[in-house]
There are 2 protein chains.
Amino acid sequence: MSVNKTEPRLDRRTAILDAAEEQFAKHGYDGVTLRAIARRAGVDLALPNYYFGPKRDLFDAVLFRRAEILNKARLDQLDQCLEESDQAPSVEAIIRAYLEPMLTGEQVEEEGWKNYYALIAYVNNSPEWGGQLMTQFFDPLVYRFMDALRLALPGIEDRDLYWGYHCLSGALTLTFAQTGRIDHLSGGSCRSSDLMDACEHMVQFTTAGFEAFRKQMTADKKGRPRKGPSARR
Amino acid sequence: MSVNKTEPRLDRRTAILDAAEEQFAKHGYDGVTLRAIARRAGVDLALPNYYFGPKRDLFDAVLFRRAEILNKARLDQLDQCLEESDQAPSVEAIIRAYLEPMLTGEQVEEEGWKNYYALIAYVNNSPEWGGQLMTQFFDPLVYRFMDALRLALPGIEDRDLYWGYHCLSGALTLTFAQTGRIDHLSGGSCRSSDLMDACEHMVQFTTAGFEAFRKQMTADKKGRPRKGPSARR
DNA sequence: TCCAAAATTCAACACTTGTTGAATAAATAG
DNA sequence: CTATTTATTCAACAAGTGTTGAATTTTGGA
């Protein structure tokens, strides 16, 4: 596990990114020191700064490294699902394209990717950087998926569409946070490490959620009044 | 806004809790210094330690302060919904009992409660404390709701039940994180500050999600094979 | 009024933080 | 080999961290 002196780590730049990825994912930005990263990477304290500049830039570099790969994997599956559908794609297929590349792809075996996903969960849930960073890396992807969902649910209102995405994103985020809470609550029935099981359940759950907005929509057309903010119980 | 010397803040203990609540919610545990808390509360640096001991104990005290009140509000609505239902309660009523006290109650007007909810979002999504702290404060509540859902969805498997709760909890958590991301993505159609709107959408979405597990369940009884972990696409 | 207890301030401690410039080693080109 | 760039180490910096003990003020009951 430790670095051998006779065979020094060739790419120390990568080692630093890996260590930072893991530490940031586990303890958050402020919970991590450059010394901890350097120790974990087996390099000198000054090296992270030499390669990446100040701490904040290292954080951005970690996020950036895998962003393109991830976005491409998800867009590929979305394109494929749109091609295969003769006319309107199914909601389920779109949601699968959104979830499966992260949860059941080959990447999930790699420890680095798990840490990366946990880091995204941290960022997505952070009031400080949630807006800025997620926008920077994932906005185009999200808009592509929203367009696809508009095809699957023609006439859906933007409000329903984006609140639906909000619920989906929240479930996915909590999955990646890997708090182990569901393992504890369920007494072992659910294992948060079983990402395939998590994926299947989230697909079912969120597909039904979006479909419910479709039904709501058709109900509106028939003249049934939409449940407004003032309608409590 | 600043503290007047002739009329000193009576309960500085509360002022410290309020300031800590806000700071921890916004920047996380490690992103906050005792000096920032003291400054925000308008008290001396040494005072937080005098009242609450070390930093970590102050953090716990903040979480503890409103936990009982919140749990009582949610349990009251759950009990009421269980009483009103002649036999089996509806899934929607149970989910409303889980969400509405936090999202449409009187508390939501108070800035302190908003901060508290954001703090819970932070804790629930944190791999470090997500398990320990959420368990400590909210396990009994969750089990009460799971029991109620078992009444509404008789025969539901634990795996489905807890993954459903996972999705619900994730959506709620992301709502409270208040990252403003949905405002940005939707171009103004959705406002994350409109918690009533958020509540109605989450109720609809997650109710349909749980109901989908019910349908899945009845389909199983009819002999249709359950989608297993190995069944991709 | 006087006094003990509680509340608050003050100053400082030992330690950790991110960052950097100079010194050294390794790699590479001429 | 030599010279030059690149990579890495080392030591130290100024600033900020949580915590604490002693001193001071305020409080409230006898």
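All figures in this text were calculated on a predicted structure; none of them were measured in a lab. The sequence lines fix the lettering, A, B, ..., with proteins before strands; numbering per chain opens at 1. Computed from heavy atoms alone, side chains included, the values below leave out hydrogens, waters and symmetry copies.
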Rounded distance (Å) that lies between atom [atom2] of [N] and atom [atom1] of [X]:
| X | N | atom1 | atom2 | result |
| --- | --- | --- | --- | --- |
| A:Q23 | C:dG18 | CD | P | 12 Å |
| A:D30 | C:dT16 | CG | C1' | 14 Å |
| A:L47 | C:dA25 | CG | P | 17 Å |

* Quick one: what's the B/S/- string for nucleotides 15-21 of chain D, heavy-atom cutoff under 4.0 Å, read 5' to 3'? -> --BBBB-

* Drop me the distance from A:D197's CG to A:M202's CE, to the nearest 0.5 angstrom. => 10.0 Å

* Asked: Taking only side-chain nitrogens and oxygens of A:R12, does any of them come within less than 4.0 Å of OP1 or OP2 of C:dA26?
  -> no

By side-chain contact (heavy atoms from CB on, under 4.5 Å), which residues pair with [X], not counting sequence neighbours?
| X | value |
| --- | --- |
| A:T33 | A:R35, A:A36 |
| B:S126 | B:E128, B:W129 |
| A:D57 | A:P54 |

* **For A:R65, all residues meeting salt bridge (Lys or Arg N to Asp or Glu O under 4.0 Å), sequence neighbours excluded** => A:D18, A:E21

* Name all residues meeting the salt bridge (Lys or Arg N to Asp or Glu O under 4.0 Å) criterion together with B:K114; count only those two or more places apart in sequence or in a different chain, and write none if there are none. => none

